[in-house]
Amino acid sequence: MTVFEVWAPRPESVRVEVDGVVHAMTRSPDGWWRARVDAGQGARYGFLLDDDPTVLPDPRSPRQPDGVHARSMVHELDPGVWTDQGWTGRTLAGAVFYELHIGTFTPEGTFDAAIERLDHLVGLGVTVVEVMPVNGFDGTHNWGYDGVLWYTVHEGYGGPDGLQRFVDACHAKGLAVCLDVVYNHLGPSGNYLPRFAPYLSEGRNTWGQSVNLDGPGSDHVRRFVLDNALRWLRDFHIDALRLDAVHALADRTATHLLAELAAETERLSAHVRRPLTLIAESDLNDPKLITPRAAGGYGLDGQWNDDLHHAVHTAVSGERQGYYADFGSLACLAQTLTRGFFHAGTYSSFRGRTHGAPLDRSLVPGFRLVAFTCDHDQVGNRALGDRPSEYLTGGQLAIKAALVLCSAFTPMLFMGEEWGARTPFQFFTSHTDPEIGAATAVGRKAEFAEHGWTADEVPDPQDPATFARSKLDWAERAEPEHARLLACYRALLALRRDHPDLVDPSLRHVRVDFDEHARWIVLHRGSARLVCNLSEDAVTVPITGRSLLYWDPPTLGPTGTTVPAHSFVVLADLPEGER
């Protein structure tokens, strides 16, 4: 027997259809409907609301074999598949993340194919694999942020069983898994939740109606979100969640959803006896997110640091458009490397207002900020989806990598950046509703037309070729220029792993010297010093030492080090007898 249940206070009647047979359901005072039916694993089912003959999928569907518009399937993971009983997890401190999209990480675009590439990540020095959203969305391919069935796993990737195999394989290789989840909105196609209950509020954010976290009926909606997060962590043995755009979570309750989630995650962590990590994506520069709950914060473990990306990217590339306007100087880069945020109660010209708040470096360790040279947004939300490798030299790419990997922050790589992949990562969708598909394409082109791009230049997200172009070309790694950059990434990660000062989490121990005119910057990390030359000419920096790693060979002198154009060198203290 299986108990079918659904929260649906809006309809007057709810029935469940199981393998073609309709069964009555009983309503409880809180709006939950339940029925016991003789059905087991693999049974297809859905709900009938009032007199509408359309069978709707379960809002908490565990599996959708035929897509988000079709019937759900009764499904439970096979406990016999797990081999990770000895897995003890990974803490955020000392971790190295690697963000990937299952559909474009390999030619096949499946969990099983991704398993075949895990040895590459282990050899690179990665410790956490961060997977872009895999929940149920409309169509065959999508970034994942258009999810409408949060409890299921996209069948094209391998469904829930494929995710289980992937997580188990990662743990066998010593890799933790972080899953990207979206709780601030639902996708435009296949979202039937409002038919059941007040899942959405009247408010709106960038992507559509906001999720109802503080209005009438919100207790059950919050439970829907919390249970979903705990499902990934408990049932799928996921080690961490990356919470998408938490600044778009509209919650005016006394206990914010994020604080509630942190408390419940902490409790589950104690039960499973391994670290469980919550990392927020936020553009607020608000230290409250990663401040302990005992000190009035939300108690999350970490958050992405866009300011560091902007500071590094603009200093190296020279780009200043849009939200890059306030960035670009070495003074800005130095402040971000030492203080975490650039906008910390300072004026943001892009926003036209004061933004952010200072991070208390005596309380917050640097590893709570996740830093990167590029990610899916910073690449995919460019008009052409072009990577930095399209317009920067190998030396410039190496400098960006060195600044992130030698920082006090938790580093994250975006798939393919380690070899300077030349394949783009473009915005792609496959909405089956023609009107939504057309509107998505038109909106995308119009958005970039405002910034000077012609419509013909902007890839059509609905064109299957846009998705195909975004797949990694693993053969690139064998080409000399790509192989050289890959070797540099491996060496930087090995140096970070082997040199204690490079994983020191205290931002108070970080010091930066720079020359704005000569375009050099030195990042001091205890006995290690990263010297970067961002100019097109060789420069002599008034610092010396023993060379540990470089892009192009430096010239070491008694009082200075000459660094070639677009290059870096990591120096260590000279032996006492040579000083």
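These values consider heavy atoms only, across backbone and side chains, with no hydrogens, waters or symmetry-generated copies. As the structure is a computational prediction, the values presented were derived from the model and not from experiment.
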Take Asn142 and His431 through the side-chain contact (heavy atoms from CB on, under 4.5 Å) test and state the conclusion after the steps. CA-CA 9 Å; Asn142 192 289; His431 298 302; 4.1 Å; yes
Residue pair Val16, Trp33: steps toward the side-chain contact (heavy atoms from CB on, under 4.5 Å) verdict: CA-CA 9 Å; Val16 60; Trp33 299 76; over 6 Å; no
Report the C-alpha distance between Val181 and Leu243 in whole Å, list the side-chain angles of each, state the deciding distance to 0.1 Å, and finish with yes or no for side-chain contact (heavy atoms from CB on, under 4.5 Å). CA-CA 5 Å; Val181 291; Leu243 308 169; 3.6 Å; yes
Can you list the steps and then say if Asp239 with Arg90 is a salt bridge (charged side-chain N to carboxylate O under 4.0 Å, His left out)? CA-CA 8 Å; Asp239 301 282; Arg90 292 274 188 182; over 6 Å; no
Which is it for His310 and Phe350 under the ring-ring contact (aromatic ring centres under 6.0 Å, His included) test, yes or no, and what are the steps along the way? CA-CA 13 Å; His310 301 347; Phe350 175 72; 9.2 Å; no
Run Leu261 and Leu278 through side-chain contact (heavy atoms from CB on, under 4.5 Å) and show every step you take. CA-CA 9 Å; Leu261 176 58; Leu278 298 176; 3.8 Å; yes
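Note: Tyr157 and His154 have perpendicular aromatic rings, judged against thresholds of 30 and 60 degrees for the angle between ring planes. Aromatic ring orientation, His171 versus Trp87: parallel (interplanar angle below 30°, classes split at 30° and 60°).
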Table please: side-chain donor-acceptor pairs of residues 287-294 below 3.5 Å, with sequence neighbours left out.
unit_1 : atom_1 : unit_2 : atom_2 : d
Thr291 : OG1    : Pro287 : O      : 2.7
Arg293 : NH2    : Glu266 : OE1    : 3.3

When the side chains of residues 247-255 are checked against the rest of the protein, which donor-acceptor pairs come out under 3.5 Å, sequence neighbours left out?
unit_1 : atom_1 : unit_2 : atom_2 : d
His247 : ND1    : Asp283 : N      : 3.2
Asp251 : OD1    : Arg222 : NH1    : 3.1
Asp251 : OD1    : Thr253 : N      : 3.0
Asp251 : OD1    : Thr253 : OG1    : 2.6
Asp251 : OD2    : Arg222 : NH1    : 2.9
Asp251 : OD2    : Thr253 : OG1    : 3.4
Asp251 : OD2    : Leu257 : N      : 2.6
Arg252 : NE     : Asp214 : OD2    : 3.0
Thr253 : OG1    : Arg222 : NH1    : 3.3
Thr253 : OG1    : Thr255 : O      : 2.9

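The side-chain heavy atoms of Val153 and Phe236, taken from C-beta on, include a pair separated by under 4.5 Å. Side-chain contact between Pro57 and Val68 is absent, with no heavy-atom pair separated by less than 4.5 Å. A 4.5 Å side-chain heavy-atom check between Thr104 and Phe428 finds at least one atom pair inside the cut-off. Taking 4.5 Å as the limit, every side-chain heavy atom of Thr466 sits out of range of all side-chain heavy atoms of Pro461. Ser430 has its side chain out of reach of Phe467: every pair of non-hydrogen atoms, C-beta onward, lies at least 4.5 Å apart. In this structure, Tyr45 and Thr2 have side chains that are not in contact, with every pair of non-hydrogen atoms separated by 4.5 Å or more. In this structure, Arg10 and Leu49 have side chains that are not in contact, with every pair of non-hydrogen atoms separated by 4.5 Å or more. Contact of the Val128 side chain with the Val177 side chain is not registered, since no non-hydrogen atoms from C-beta on lie closer than 4.5 Å.
Evaluation of the salt bridge (charged side-chain N to carboxylate O under 4.0 Å, His left out) rule for Arg34 yields Glu5 as partners, not counting sequence neighbours. Partners of Asn381 under the side chain to side chain donor-acceptor pair (under 3.5 Å) rule, at least two apart in sequence or in another chain, are Asp377, Arg444. In this structure, the salt bridge (charged side-chain N to carboxylate O under 4.0 Å, His left out) partners of Arg71, at least two apart in sequence or on a different chain, are Glu17. Taking His75 as the reference, nothing meets the ring pair (Phe, Tyr, Trp, His ring centres under 6.0 Å) condition, with sequence neighbours excluded. Under the salt bridge (charged side-chain N to carboxylate O under 4.0 Å, His left out) criterion, Asp84 pairs with no residue at all, not counting sequence neighbours. Scanning for side chain to side chain contact (heavy atoms under 4.5 Å, CB included) contacts around Gln164 gives Leu77, Val81, Trp82, Asp161, with sequence neighbours left out.
To the nearest 0.5 Å, the span separating CD on Glu12 from CG on Asp51 amounts to 10.5 Å. Note that the CD atom of Gln209 and the CG atom of Leu200 stand 5.0 Å from one another [nearest 0.5 Å]. Between the CG atom in Asp307 and the CZ atom in Phe341 there is a gap of 7.0 Å [rounded to 0.5 Å]. Note that the CG atom of Leu241 and the OG1 atom of Thr277 stand 9.0 Å from one another [nearest 0.5 Å]. Note that CG of Leu276 is 12.5 Å distant from CZ of Arg267, once rounded to the nearest 0.5 Å. Atom CD of Glu99 and atom CG of Leu413 lie 10.5 Å apart (nearest 0.5 Å).
Ring centroids of Trp143 and His376 are separated by less than 6.0 Å, placing the two rings close together.
For Arg320 (side chain) and Thr314 (main-chain N/O), a donor-acceptor pair under 3.5 Å exists by modelled atom type. The backbone N or O of Pro198 lies less than 3.5 Å from a partner atom in the side chain of Asn212, making a donor-acceptor pair. Using a distance-only test at 3.5 Å, with no hydrogens or angles considered, a donor-acceptor pair links the side chain of Thr127 to the main chain of Val96. Between the side chain of Ser269 and the main chain of Thr265, no donor-acceptor pair closer than 3.5 Å is present. In this structure, the side chain of Ser470 engages the main chain of Gln426 through a donor-acceptor pair within 3.5 Å.
Sorted by first then second residue, the ring-ring contact (aromatic ring centres under 6.0 Å, His included) pairs that include residues 250-269, not counting sequence neighbours, are His256-Tyr298. Residue pairs meeting the salt bridge (charged side-chain N to carboxylate O under 4.0 Å, His left out) criterion with at least one member in residues 347-374: none, sequence neighbours excluded. Every pair passing salt bridge (charged side-chain N to carboxylate O under 4.0 Å, His left out) that includes a residue from residues 176-205 is listed here, sequence neighbours excluded: Asp52-Arg195, Asp180-Arg242. Residue pairs meeting the ring-ring contact (aromatic ring centres under 6.0 Å, His included) criterion with at least one partner in residues 194-216, sequence neighbours excluded, are Trp7-Tyr199, His185-Trp207, Tyr199-Phe224.
In summary, of the residues considered (Leu149, Val6, Asp227), a side-chain contact (heavy atoms from CB on, under 4.5 Å) with Arg60 occurs for Asp227 alone. Tested against Trp304 for a ring-ring contact (aromatic ring centres under 6.0 Å, His included), the candidates Phe409, Phe97, Phe372, Phe414 yield a single pass: Phe372.
Residues Leu405 and Pro411 approach most closely at CD2-CB, 3.5 Å, considering heavy atoms.
Residues Thr432 and Asp138 bring a donor and an acceptor atom of their side chains to less than 3.5 Å of each other. Under 3.5 Å, the side chains of Asn285 and His343 contain no donor-acceptor pair of N or O atoms.
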